K.L.:
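Pasting a structure below so you can have a look.
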Amino acid sequence: MDLSALDFLRHIPLFAHCTDEERVELAAAARELRVAKGTPLFRRGDPCEGMHVLVYGRVSIVVASKNGTEKVVELIQPGQSFGEAIMFLGGERYPVGAQTVEDALVLFLPANAIFAVLDRDPRFARRMLAGLSMRLHGLLRDVESYTLESASDRVVTYLLQQLGETTSGTVTLPVNKQLIASRLNLTPETFSRVLQRIVEQCDVVVSGREIRISDRSRLAELLKSA
């Protein structure tokens with residue numbers, strides 16, 4: 001049994017309320033994947049045999065077009081799981097790909113180990129359903145944003161979300177600007193143009209991945225004037 005896997009499962013919310021026996025069982029079945037930046041974890045069309053949990057690093061969930069370009073549909077943060085929705089379909093293949101955008105440690109949990117715990121613990125089943133529902137809700141918000149919001153609105157909303165409730169501060173982009181642009185369904189060029197307009201209008205300073213916002217209210221005003 002991998003003790004580091006057991007240790008991690010104790011601290012991730014999805015598994016926090018499992019019994020010690022259940023966590024030991026899952027940790028014993030888990031496979032540790034230490035992967036370098038840019039490594040595919042699975043590709044579209046690969047068979048799904050379980051779910052993944054990110055310990056550290058970041059992972060992008062991507063859809064590839066026929067011409068080879070990729071659209072980032074989700075950025076997975078440490079502590080999040082991914083791939084479980086396809087796992088529940090049984091025998092299905094991934095409709096998306098997953099690739100590390102930083103050096104990462106990922107736990108792979110086989111489907112049979114997850115299903116064994118689900119069969120015995122309805123609370124665990126409800127937590128997994130809640131997680132899937134939240135992800136679906138997030139995807140619906142994305143569709144609404146892509147359909148109804150301008151490019152400027154999407155970038156401003158993203159920056160405000162990253163800033164949180166503070167009136168000023170520095171936002172550090174978790175990944176490079178190209179990936180952020182793809183996540184917002186923008187081209188890198190459009191993202192850069194919008195960011196430049198924000199710099200000019202809102203006393204915002206950009207230095208690499210760091211974006212210094214001196215007045216949250218001025219940034220928020222751009223949404224009202226759109």
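Only this structure's heavy atoms are used, side chains among them; waters, hydrogens and symmetry mates stay out. Note that the structure is predicted; figures quoted are calculated from it, not measured.
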K.L.:
Output, in order, the C-alpha distance, side-chain angles, deciding distance and verdict of side-chain contact (heavy atoms from CB on, under 4.5 Å) for Ile213 and Ser168.
P.N.:
CA-CA 5 Å; Ile213 300 168; Ser168 64; 5.8 Å; no
K.L.:
Lys177 versus Val206: any side-chain heavy-atom pair under 4.5 Å?
P.N.:
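With C-beta onward as the side chain, the pair touches.
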K.L.:
If you round to the nearest 0.5 Å, how far is SG of Cys202 from CG of Asp215?
P.N.:
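Rounded to the nearest 0.5 Å, the CG-SG separation comes out at 8.5 Å.
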K.L.:
Is there a donor-acceptor pair under 3.5 Å between the side chain of Ser150 and the backbone N or O of Asp153?
P.N.:
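At least one qualifying donor-acceptor pair exists.
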K.L.:
Report the C-alpha separation of Phe88 and Phe115 in whole Å, then their side-chain angles, then the decisive distance to 0.1 Å, and conclude whether the side-chain contact (heavy atoms from CB on, under 4.5 Å) test is met.
P.N.:
CA-CA 9 Å; Phe88 282 116; Phe115 293 158; 3.7 Å; yes
K.L.:
Which heavy atom of Ile12 sits nearest a heavy atom of Gly79, and at what distance?
P.N.:
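Answer, listing the atom of Ile12 first, then Gly79: CD1-O, 2.7 Å.
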K.L.:
Considering all heavy atoms of both residues, which atom of Ala113 and which atom of Ala29 are nearest to each other, and what is their separation?
P.N.:
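Closest approach of Ala113 to Ala29: CB-CB, 3.7 Å.
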K.L.:
Identify the heavy atoms of Tyr158 and Pro174 that sit nearest to each other, and give their distance.
P.N.:
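Looks like OH-CD, 3.4 Å.
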K.L.:
Can you confirm whether more than 12 heavy atoms, excluding those of Gln201, are under 6.0 Å from its CD atom?
P.N.:
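Atom CD in Gln201 is packed in, count exceeds 12.
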K.L.:
Once rounded to the nearest 0.5 Å, what's the spacing between atom SG of Cys18 and atom CZ of Arg127?
P.N.:
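Here the interatomic distance stands at 5.0 Å.
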K.L.:
Are Leu163 and Leu184 in one and the same hydrophobic cluster, where Ile, Leu, Val, Met, Phe, Trp and Tyr link if side-chain heavy atoms are under 4.5 Å apart?
P.N.:
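Per the 4.5 Å side-chain linkage, Leu163 and Leu184 are co-clustered.
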K.L.:
Just how far is it from atom CG of Leu26 to atom CZ of Arg23, taken to the nearest 0.5 Å?
P.N.:
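Here the rounded value is 9.5 Å.
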K.L.:
Would you say Glu210 and Val171 make side-chain contact, with heavy atoms under 4.5 Å?
P.N.:
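Not touching, per the 4.5 Å side-chain cut-off.
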K.L.:
Under a 3.5 Å distance rule, please check whether Thr187 uses its side chain to pair with a backbone N or O of Thr190 as donor and acceptor.
P.N.:
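Yes, the answer is positive, given that a donor and an acceptor are paired below the 3.5 Å cut-off.
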K.L.:
Does Val73 share a hydrophobic cluster with Val101, counting links as ILVMFWY side-chain heavy atoms below 4.5 Å and allowing steps through other members?
P.N.:
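In one cluster: no.
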K.L.:
Less than 4.5 Å apart, any side-chain heavy atom of Leu33 and any of Leu105?
P.N.:
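A side-chain contact under 4.5 Å is absent here.
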K.L.:
Arg58 versus Leu75: any side-chain heavy-atom pair under 4.5 Å?
P.N.:
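Sidechains of Leu75 and Arg58: no contact.
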K.L.:
When you group the ILVMFWY residues by side-chain heavy-atom contacts below 4.5 Å and let the links chain together, are Val199 and Val156 in the same group?
P.N.:
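Hydrophobic grouping puts Val156 with Val199.
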K.L.:
Evaluate Arg120 against Glu25 for salt bridge (charged side-chain N to carboxylate O under 4.0 Å, His left out), listing each step before the verdict.
P.N.:
CA-CA 12 Å; Arg120 299 192 304 268; Glu25 181 181 343; 2.5 Å; yes
K.L.:
Calculate, to the nearest 0.5 Å, the distance between atoms CD1 and CZ belonging to Ile180 and Arg209 respectively.
P.N.:
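These two atoms lie 8.5 Å from each other.
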K.L.:
Can any side-chain N or O of Ser145 pair as donor or acceptor with the backbone N or O of Arg141 at less than 3.5 Å?
P.N.:
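Answer holds: no.
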K.L.:
For residues Val155 and Leu223: do they belong to one hydrophobic cluster (side chain heavy atoms under 4.5 Å, members Ile, Leu, Val, Met, Phe, Trp, Tyr)?
P.N.:
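Yes, it is one cluster - the side chains of Val155 and Leu223 are joined through contacts under 4.5 Å.
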K.L.:
Apply the test side-chain contact (heavy atoms from CB on, under 4.5 Å) to residues Phe42 and Gln99: give CA-CA distance (whole Å), side-chain angles for both, the deciding distance (0.1 Å), then the verdict.
P.N.:
CA-CA 7 Å; Phe42 53 80; Gln99 180 172 301; over 6 Å; no
K.L.:
Just do the salt bridge (charged side-chain N to carboxylate O under 4.0 Å, His left out) check on Arg216 and Glu165 with the steps written out, would you?
P.N.:
CA-CA 9 Å; Arg216 177 193 180 90; Glu165 298 302 317; 5.0 Å; no
K.L.:
Would you say the side-chain atoms of Arg154 pair up with the backbone N or O of Glu149, donor to acceptor, closer than 3.5 Å?
P.N.:
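Indeed, once roles are kept as given, a pair shorter than 3.5 Å links the two residues.
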K.L.:
With no hydrogens and no angle check, is any side-chain donor or acceptor of Thr100 less than 3.5 Å from a backbone partner on Gly38?
P.N.:
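Yes; judged by distance alone, with no hydrogens or angles, the pair exists.
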K.L.:
For residues 33-43, which residue pairs qualify under side-chain hydrogen bond (donor to acceptor under 3.5 Å, both in side chains), counting only residues two or more places apart or in two chains?
P.N.:
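Qualifying pairs: Glu32-Arg34.
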K.L.:
Could you grab the distance from atom CG of Leu159 to atom CD1 of Ile211, nearest 0.5 Å is fine?
P.N.:
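If I round to the nearest 0.5 Å, the distance is 5.0 Å.
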K.L.:
Under the salt bridge (charged side-chain N to carboxylate O under 4.0 Å, His left out) criterion, do Arg183 and Asp142 qualify, and how do the steps go?
P.N.:
CA-CA 9 Å; Arg183 179 69 184 86; Asp142 288 344; 2.9 Å; yes
K.L.:
I need the Glu22 CD to Leu118 CG distance, nearest 0.5 Å.
P.N.:
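Rounded to the nearest 0.5 Å, the CD-CG separation comes to 9.5 Å.
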K.L.:
Would you call Val194 and Ile198 a side-chain contact if the rule is heavy atoms closer than 4.5 Å?
P.N.:
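Contact flag for Val194/Ile198 side chains = yes.
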K.L.:
Which heavy-atom pair separates Gly169 from Arg212 by the least distance, and what is that distance?
P.N.:
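For Gly169 versus Arg212, the nearest heavy atoms are CA-NH1, 3.3 Å.
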K.L.:
Are the side chains of Arg44 and Val63 in touch, meaning some heavy atoms are under 4.5 Å apart?
P.N.:
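Side chain of Arg44 against side chain of Val63, heavy atoms only: contact under 4.5 Å found.
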K.L.:
In terms of ring plane angle, is the pair Phe82 and His52 parallel, tilted or perpendicular, where the classes change at 30° and 60°?
P.N.:
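It falls in the parallel class, under 30°.
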K.L.:
Is Ile114 linked to Val55 within one hydrophobic cluster, defined over Ile, Leu, Val, Met, Phe, Trp and Tyr using a side-chain heavy-atom separation of less than 4.5 Å?
P.N.:
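Yes; Val55 is reachable from Ile114 via cluster members.
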K.L.:
Could you list the residues that satisfy side-chain hydrogen bond (donor to acceptor under 3.5 Å, both in side chains) with Ser182, not counting sequence neighbours?
P.N.:
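For Ser182, no residue satisfies side-chain hydrogen bond (donor to acceptor under 3.5 Å, both in side chains) once neighbours in sequence are set aside.
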K.L.:
Over all heavy atoms of both residues, which pair between Ala30 and Ala5 is shortest? Give the atoms and the distance, please.
P.N.:
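Heavy-atom minimum between the residues: CB-CB, 4.4 Å.
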K.L.:
Kindly give the heavy-atom pair with the smallest separation between Phe191 and Ala181, and that separation in Å.
P.N.:
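Scanning both residues completely, I find the closest heavy atoms to be CB-CB, 3.7 Å.
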K.L.:
Does any donor atom in the side chain of Glu84 or Ser81 lie under 3.5 Å from an acceptor atom in the other side chain?
P.N.:
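Present: a donor and an acceptor within the cut-off.
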K.L.:
Using the side-chain contact (heavy atoms from CB on, under 4.5 Å) rule, take Phe124 and Leu14 through it: C-alpha gap first, then chi angles, then the decisive distance, then the call.
P.N.:
CA-CA 8 Å; Phe124 184 45; Leu14 179 61; 3.9 Å; yes
K.L.:
Side-chain contact test, heavy atoms from C-beta onward, threshold under 4.5 Å: evaluate it for Leu160 versus Leu219 and give yes or no.
P.N.:
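Yes; the side chains approach each other to less than 4.5 Å.
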K.L.:
Is the centre of the Phe15 ring less than 6.0 Å from the centre of the Phe8 ring?
P.N.:
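Aromatic pair excluded; centres sit 6.0 Å or further apart.
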K.L.:
Would you say the side chain of Val53 lies within less than 4.5 Å of the side chain of Gln80, judging by non-hydrogen atoms?
P.N.:
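Result no, sub-4.5 Å side-chain heavy-atom pair not found.
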